[in-house]
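Presented below is the structure to which this report refers.
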Amino acid sequence: MIFMHGQCVHADSMPTTADMITTTDNYDLTPRNTFAMKVKCGVFMEYTVADDIPFILSSIREGIEHMHIGAGSNILFTSDYPGVVMHSAIKGFEIISESPRELIVRAGAGEVMDDFIRWACDHELWGIENLSGIPGEVGASAVQNVGAYGVEACDTIVAVHAYDSVEREFVTIPVEDCDYGYRDSLFKQPDFKGRYIIHAVDYRLSPIPNPQISYPALKNMFKDCDLCSLTPNDIRKAVINIRDSKLPNPIDAPSAGSFFKNPVVSEKIFSDICNREPDVTVPHYEVKEGYKIPAAWLIDRCGWKGRKEGNAAVWHLQPLVIVNPDRKATPKDIIDLENRIICSVRERFGITLHPEVEHI
Ligand SMILES: Cc1cc2nc3c(=O)[nH]c(=O)nc-3n(C[C@H](O)[C@H](O)[C@H](O)COP(=O)(O)OP(=O)(O)OC[C@H]3O[C@@H](n4cnc5c(N)ncnc54)[C@H](O)[C@@H]3O)c2cc1C
């Protein structure tokens with residue numbers, strides 16, 4: 001059985017042939033990137049079954065560049081893309097195995113991640129409710145190792161199903177081999193980038209209640225609640241409320257979410273910063289490599305919160321987010337603002353920020 005948006009569909013009624021590929025030349029990518037950059041690609045190819053992937057790749061002439069996108073919510077197109085942009089429209093969820101303690105659910109790479117999460121919550125299945133509201137698709141959730149409110153995708157991913165474009169074969173990569181780290185994975189590493197085209201991801205969900213509310217805002221919201229009575233939908237609603245209070249909705253203020261990575265600095269640099277900012281406690285987390293400082297705090301201290309430069313702006317509620325407030329920003333507007341932020345943080349703190357958003 002395959003579940004599509006909560007309905008049951010028999011697997012044999014799913015499309016199975018390569019004729020489900022849609023090809024469009026000179027394609028407008030504006031609705032395909034949450035920054036709403038007005039850019040085009042040479043060819044856009046959307047497919048609905050995994051078997052289409054090798055067919056599409058073999059149809060791309062040598063020397064023509066190609067890339068895969070999801071919902072374009074972690075991408076900044078810096079100009080038109082001359083090559084082929086692929087997109088998966090593989091939808092549906094399939095229960096692969098079921099026991100009293102857990103279900104393994106396979107979700108199609110082109111499924112909207114939040115639709116999958118809503119489906120899980122509506123079926124009282126635990127594991128991914130804290131990821132509610134993160135834009136994007138299931139395939140990219142495994143590339144990005146999306147995370148929020150104390151939970152990461154890799155906590156519940158069991159395996160990733162992909163087409164290996166180098167070996168030209170379908171592969172199943174168990175979670176242990178995905179090399180997951182903070183917003184990082186095998187699929188992002190330079191040697192493997194673009195090699196695997198993901199067509200489905202297996203997630204482990206559980207009917208046994210397991211609310212993850214260690215994140216301070218969540219803990220506070222549920223401090224007077226009987227934790228045993230919570231449902232995944234209670235957590236989902238709380239998470240969405242917190243997100244809505246801080247993050248711009250891509251429809252109202254296009255963005256790609258957190259624009260910069262949180263820098264990790266040595267003990268010496270950290271203590272220099274503390275000495276230079278004696279009026280405040282510098283927020284930080286100790287990590288293996290040193291001290292991680294929230295990029296949002298550094299940007300805020302440089303006075304960027306809410307500032308608009310040309311047609312790009314820093315979100316007034318969360319300085320880590322660059323927005324395209326009137327949908328008039330060009331890639332250059334975003335990059336100019338990005339560079340000005342990087343320069344001012346470097347001048348004040350001696351730290352170079354690096355973008356989290358992928359520049360294409
Ligand atoms: C308002 C806002 C809030 C956000 N909040 C969060 C958050 O809380 N936590 C978080 O982790 N992220 C967050 N993000 C970032 C973003 O939502 C995630 O990175 C998401 O996983 C990107 O999904 P996507 O489908 O849009 O992928 P895209 O941005 O289209 O692509 C991301 C990468 O995945 C690759 N890719 C996409 N699909 C496939 C595929 N099928 N096979 C192989 N490679 C593929 C692309 O080539 C690209 O390298 C936020 C973004 C926005 C706009």
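Each residue takes its place number in the sequence, starting with 1. Remember, predicted model here, so these are calculated numbers, not experimental data. Order of appearance sets the numbers: ligands from 1, and atoms from 1 within every ligand.
Each of Phe77, Tyr81, Phe259, Phe35 was evaluated against His359; a single residue qualifies, Phe259, per the ring-ring contact (aromatic ring centres under 6.0 Å, His included) test. With Glu358 as the fixed residue, the side-chain hydrogen bond (donor to acceptor under 3.5 Å, both in side chains) test singles out one of Gln144, Lys193, Lys188: Lys193.
Within the listing of ligand 1, atoms 1 (C) sit less than 4.0 angstrom from a heavy atom of Pro248. Ligand-side atoms of ligand 1 in range of Val146: 11 (O), 18 (C), 20 (C), 21 (O), range being under 4.0 angstrom from any heavy atom. Near Tyr196, with a cut-off below 4.0 Å to any heavy atom, the atoms of ligand 1 are 43 (C). In summary, the atoms of ligand 1 found under 4.0 Å from a heavy atom of Val143, numbered by their order in the structure, are 34 (O), 44 (N), 45 (C). Atoms of ligand 1 lying under 4.0 Å from at least one heavy atom of Ile75, given by number and element, are 28 (P), 29 (O), 30 (O), 31 (O). Counting atoms of ligand 1 from 1 in the listed order, those under 4.0 Å from a heavy atom of Asn74 are 15 (C), 19 (O), 29 (O). The ligand atoms of ligand 1 that sit less than 4.0 angstrom from a heavy atom of Gln144 are 19 (O), 21 (O), 32 (C), 33 (C). For ligand 1, the atoms closer than 4.0 angstrom to any heavy atom of Glu137 are 23 (O), 24 (P), 25 (O).
Within a 6.0 Å sphere centred on CD of Glu289, other residues, nucleotides and ligands contribute more than 12 heavy atoms. Counting non-hydrogen atoms of other residues, nucleotides and ligands closer than 6.0 Å to NZ of Lys261 gives a total of 12 or fewer.
Protein heavy atom closest to atom 20 (C) of ligand 1, with residue, atom name and distance, is Pro135 O, 3.5 Å. Considering only non-hydrogen protein atoms, atom 13 (C) of ligand 1 sits nearest to Ile134 CG2, 3.7 Å. Protein heavy atom closest to atom 41 (N) of ligand 1, with residue, atom name and distance, is Ile198 O, 3.1 Å. Gly257 N, 3.2 Å is the protein heavy atom nearest to atom 53 (C) of ligand 1. Nearest non-hydrogen protein atom to atom 27 (O) of ligand 1 is Ala140 CB, 3.2 Å.
Note: Tyr47 and His68 have perpendicular aromatic rings, judged against thresholds of 30 and 60 degrees for the angle between ring planes.
Contacts between Met113 and ligand 1 below 4.0 angstrom, taking non-hydrogen atoms only, are absent altogether.
Nearest-residue assignment for atom 38 (N) of ligand 1 (options Arg32, His68, Glu356; heavy-atom criterion): His68. In this comparison of Arg243, Arg183, Glu358, the heavy atom closest to atom 3 (C) of ligand 1 sits on Arg243. Of all the listed residues (Ala256, Ala253, Gly147), Gly147 holds the heavy atom that lies closest to atom 10 (C) of ligand 1.
Counting heavy atoms from C-beta outward, Ile157 and Asn145 have side chains that stay 4.5 Å or more apart.
One distance of note links CG of Asn311 with CG of Asn324; it measures 7.5 Å at 0.5 Å rounding.
Ring centroids of His199 and Tyr163 are separated by 6.0 Å or more, keeping the two rings apart. Aromatic ring centroids of Tyr203 and Phe93 lie 6.0 Å or more apart.
Side-chain contact of Ser266 with Tyr291: a donor-acceptor pair under 3.5 Å is absent, judged by distance alone.
Residue contacts with ligand 1: Ser73 is placed with a nitrogen or oxygen under 3.5 Å of a nitrogen or oxygen of the ligand (distance criterion only).
Ion pair Asp333/Lys308 not flagged as a salt bridge, since none of the NZ, NE, NH1 or NH2 atoms sits closer than 4.0 Å to an Asp/Glu carboxylate oxygen.
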